Visitor: 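Would you mind keeping the following structure in view while I ask a few things?
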Amino acid sequence: MALSHLPSASWSPQVCTPVSIPANQFFPMDQKSRTLSLLETCSGMEELKQIHAQMFKTGLVLDAIPISRLLSFCASSASGDLSYAHLVFQGIQQRNTFMWNAMIRGYSNSNDPEEALLLYHHMLHSSVPPNDYTFPFLLKACAALSALKETEQIHTQILKTGYGFQAHATNSLLHVYTKSGSLTSAHRLFNSVTQRDTVSWNSMIDGYAKSGNMETARELFNQMPAKNVISWTTIISACVGAGLSKEALHFFHQMQSAGVEPDHVVLASMLSACAHLGALDQGRWIHAYIDNKGMQIDPVLGCTLMDMYAKCGDVEEALSVFRNIKKGGVPAWTAIITGLAIHGRGREAIDLFVEMERTGIKPNVITFTGVLTACSYAGLVDEGILIFNSMERVYNESPSIEHYGCMVDLLGRAGLLKEAEELVMTMPMKPNAAVWGALLNACCIHRNFELGKRIGEILLEVDPSHGGRYIHLANIFTMTGEWDLAVKVRRLMKDRGVMKLPGCSSICLNGVVHEFLAGDRSHPLTEEIYLMWDRIVESLGQEGYYVTATRDSLLDLEEEKETAIHQHSEKLAIAFGFISTEPGTVIRVTKNLRVCEDCHTAAKLISKVYSREIVMRDRTRFHLFKDGNCSCKDYW
DNA sequence: CTAGGGTTAG
């Protein structure tokens, strides 16, 4: 390295400067402070390299403070360069703790965190002692690696060196333990430290929540003395992650009652909860809150906003958010493409995909999933095949099992069952339950019972705990008149203790989520709801509506007697929508399963007879019923 | 120069 060429002895002010001449004649103070302030405002590596070169000339490379600052910038700043930092570091003769820390910090945030541990090893060997900053950096690397053994060794050293009482070190340890799933160690440590602070509690809560133990997480949350916005975010995002979106909403309201101001992180989590629930009003409220507070919509927040609007049925608003965020990167394009996909707006999704390519943004695996889904839901078979083939050819990206799943779905939905099956048989990986499921679904739609039976049997082995598979297979046997086999499948399901996920439809009004199951009579307005539905049926009758024994109604074979098709959850939710909203209001219903065919027909007629738009969210996509038609064009 | 929280898909 260049440093060795410097006549180091003659550059040392003590050596070559007569006592009478002040040292700053060789290291002029304004020179040094100018360099320091240059480094402070340094914007990128280009500029930094110039400063570095200047430091060689002035000899400031030998001064610990400016070289440390330079090192720090290269190692940790967003526009830094870790390998350059490493070269600089290698050239330094006298490395102090700060310099080692800077390097360890840099590597702990890099994609090579292991190097941080190696550096620490060297640091100890060169007899430079760690300080209170060293451990958090080091443990961050351990967290990235889930390196439990190393964490335990570092734990011991923390205790030996007397940093065991230092909050940052302890909390870092707690974080690694919880993150690597070692909750026992975490809890032991948590119990042993006397001065637990909010950070310690937050880490514990997060750890329990992420390990699936929501009960303990909630308990700790209730117990903890002082909750800050991160505590609330932790419990709320834990709820969202566990699919407990209603609880998330509840906690959010509690948080506001407690006077804690929401920040952009907790709002992102809440938008995700709204997206899950289909709670458009709540979601809009949060959007308005963000605007009113003048908060900046960063790419992540922008994506959650788009996702919320799309999943709550308002794609137009999602598009408007998309146009307003200047630099969203791939995630933003992906979010909007996926949003259009679930609304059946495949053409627009493809157009945006093309536009994205033109902009020079490279699609990622999720983008491909999104655009292929768009093709699938809109029946754009040729386009889908073209894009699928371009993955390998244009992007050098081998399709993953999800992409094959999309293609099986695309071909199967379109009735190209032979092609779909062939793809399953020839794909380069072992088909999973999702792939088989897509094929089975296609068999049901197109009534290919022979193939359906074969695939159904496979699925009961591959995915034995999924209730829907048994129902599908049993229905196929029912339709082919093989009653005994249908009963056998039902019995197998029962014997294996598999439950059918009950169909549930919800509608959100004034921030309250109203849920309905088939035949539900638990709602306070039950009488009015059923009366309303009877009146609706009456007026639909004039349009020629009558209940048909469709294949979907067979899904309820078991409860056929008690759950008439007229009491399906979708219908109850629509009826409730009618009695609780003004004429002309859009009715928004969210269902956890696929919409039943009879309910689909009924909704189309209702939209015409009552001039009401009904937006219904399915397990996978949206249906916009308007003037007697559905946006899915009956292709779903 | 340090610790804890967010999103897009499935």
Side-chain angles (χ1 to χ4, degrees), chain A residues 68-69 71-73 75-77 97-106 108-109 130-140 143 163 166-176 178-179 197-207 209-210 227-238 240-241 262-273 275 297-308 310-311 318 322 328-339 341-342 364-373 400-403 405-406 432-435 437-438 619-620:
Chain A
S68 292
R69 198 163 283 178
L71 194 64
S72 218
F73 180 92
S76 316
S77 119
T97 304
F98 181 98
M99 297 166 183
W100 283 100
N101 284 351
M103 291 310 293
I104 291 173
R105 179 190 183 199
S108 73
N109 292 321
N131 64 10
D132 47 347
Y133 286 85
T134 314
F135 298 113
F137 296 142
L138 205 50
L139 290 166
K140 191 165 214 169
Y163 288 104
Q166 210 251 338
H168 287 281
T170 308
N171 286 331
S172 297
L173 277 171
L174 277 177
H175 175 63
V176 196
T178 57
K179 199 186 162 276
D197 60 12
T198 311
V199 178
S200 334
W201 284 91
N202 290 347
S203 278
M204 292 307 292
I205 294 167
D206 194 47
K210 294 240 164 81
K227 303 171 176 72
N228 63 14
V229 68
I230 297 182
S231 321
W232 289 99
T233 311
T234 305
I235 196 73
I236 286 172
S237 64
V240 176
D263 66 5
H264 67 293
V265 178
V266 76
L267 292 174
S269 244
M270 282 313 301
L271 286 169
S272 174
I297 296 183
D298 66 25
V300 174
L301 207 48
C303 286
T304 46
L305 262 175
M306 283 189 274
D307 186 53
M308 180 280 291
K311 289 201 177 131
F322 178 71
V330 209
W333 290 88
T334 304
I336 195 65
I337 287 171
T338 307
I342 61 176
N364 65 20
V365 287
I366 307 170
T367 322
F368 280 112
T369 312
V371 72
L372 291 176
T373 306
S400 73
I401 192 146
E402 280 82 15
H403 303 123
C406 288
N432 62 10
V435 171
R619 220 181 85 79
T620 48

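Source: prediction; values computed, not measured. Quick note: numbers below take in every heavy atom, side chains included, and nothing from hydrogens, waters or symmetry partners. Every chain is numbered from 1 and lettered A, B, ... according to where its sequence line falls, protein lines coming before strand lines.
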Visitor: Do Ser200(A) and Asp197(A) have side-chain N/O donor and acceptor atoms under 3.5 Å apart?
Guide: yes
Visitor: From the options dG6(B), dG10(B), dG4(B), select the nucleotide whose nearest atom is closest to the side chain of Ser203(A).
Guide: dG4(B)
Visitor: Of all the choices, dG6(B), dT2(B), dA9(B), which nucleotide is nearest to the side chain of Val300(A) once you look at every atom?
Guide: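 Nucleotide nearest to Val300(A)'s side chain: dG6(B).
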Visitor: Give Lys179(A) one of three labels, base, sugar-phosphate or nothing, depending on what nucleic acid heavy atoms sit under 4.0 Å from its own.
Guide: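 The answer is nothing, as Lys179(A) stays clear of every strand by at least 4.0 Å.
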Visitor: Side-chain donor or acceptor of Thr233(A) under 3.5 Å from a matching atom on the base of dG5(B)?
Guide: yes
Visitor: dC1(B) P sits how many Å from Asn101(A) CG, rounded?
Guide: 12 Å
Visitor: Applying a 4.0 Å non-hydrogen cut-off, can you work out what Ser72(A) is touching in the nucleic acid: base, sugar-phosphate, or nothing?
Guide: nothing
Visitor: Could you work out which one of dT2(B), dG5(B), dG6(B) sits closest to the side chain of Asp263(A)?
Guide: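 Of the candidates, dG5(B) comes closest.
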Visitor: What is the distance from NZ of Lys140(A) to P of dG4(B), rounded to the nearest Å?
Guide: 5 Å
Visitor: Whole Å only: how far is the CE atom of Met270(A) from the P atom of dT7(B)?
Guide: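 About 12 Å, once rounded to whole Å.
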Visitor: Does OP1 or OP2 of dG5(B) have a side-chain N or O of Thr198(A) closer than 4.0 Å?
Guide: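 No.
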Visitor: Is the backbone of Cys303(A) close enough, under 3.5 Å, to the side chain of Asp307(A) for a donor and an acceptor to pair up by distance?
Guide: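 Such a contact is absent between Asp307(A) side chain and Cys303(A) backbone.
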Visitor: Rounded to the nearest angstrom, tell me the gap between atom CD1 in Ile336(A) and atom C1' in dT7(B).
Guide: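 These atoms are roughly 14 Å apart.
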Visitor: Ignoring backbone atoms, establish whether His175(A) has a side-chain N or O less than 4.0 Å from OP1 or OP2 of dG4(B).
Guide: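 Answer is yes, contact under 4.0 Å.
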Visitor: Are any side-chain N or O atoms of Ser72(A) and backbone N or O atoms of Arg69(A), one a donor and one an acceptor, separated by less than 3.5 Å?
Guide: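 It does not hold such a pair.
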Visitor: Choosing from dT7(B), dG5(B), dA9(B), which nucleotide comes nearest the side chain of Thr369(A)?
Guide: dA9(B)
Visitor: Using whole Å, report how far CG of Leu174(A) lies from P of dG5(B).
Guide: 12 Å
Visitor: Tell me whether Ser272(A) contacts the main-chain N or O of Ala268(A) through its side chain, where contact means a donor paired with an acceptor under 3.5 Å.
Guide: no
Visitor: For the pair made of CG in Asp307(A) and P in dG10(B), what is the distance, rounded to whole Å?
Guide: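 In whole Å, dG10(B) P lies 10 Å from Asp307(A) CG.
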Visitor: With stacking defined as ring centroids separated by under 5.5 Å and planes differing by under 30°, is Tyr133(A) stacked against dC1(B)?
Guide: yes
Visitor: Tell me the interatomic distance from Asp298(A), atom CG, to dG5(B), atom P, rounded to whole angstroms.
Guide: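 Atom-to-atom, Asp298(A) to dG5(B), this comes out as 16 Å.
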Visitor: Roughly, in whole Å, what's the span from CD in Glu402(A) to P in dA9(B)?
Guide: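 It works out to 13 Å between those atoms.
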Visitor: Side chain of Thr338(A): nearest nucleotide among dC1(B), dA9(B), dG4(B)?
Guide: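 From the listed options, dA9(B) comes nearest.
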Visitor: By the 4.0 Å heavy-atom rule, please label Asp197(A) as base, sugar-phosphate, or nothing.
Guide: base
Visitor: Do any N or O atoms from the side chain of Asn101(A) and from the backbone of Ile104(A) form a donor-acceptor pair under 3.5 angstrom?
Guide: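 Flag not set: sc Asn101(A) to bb Ile104(A) has no pair under 3.5 Å.
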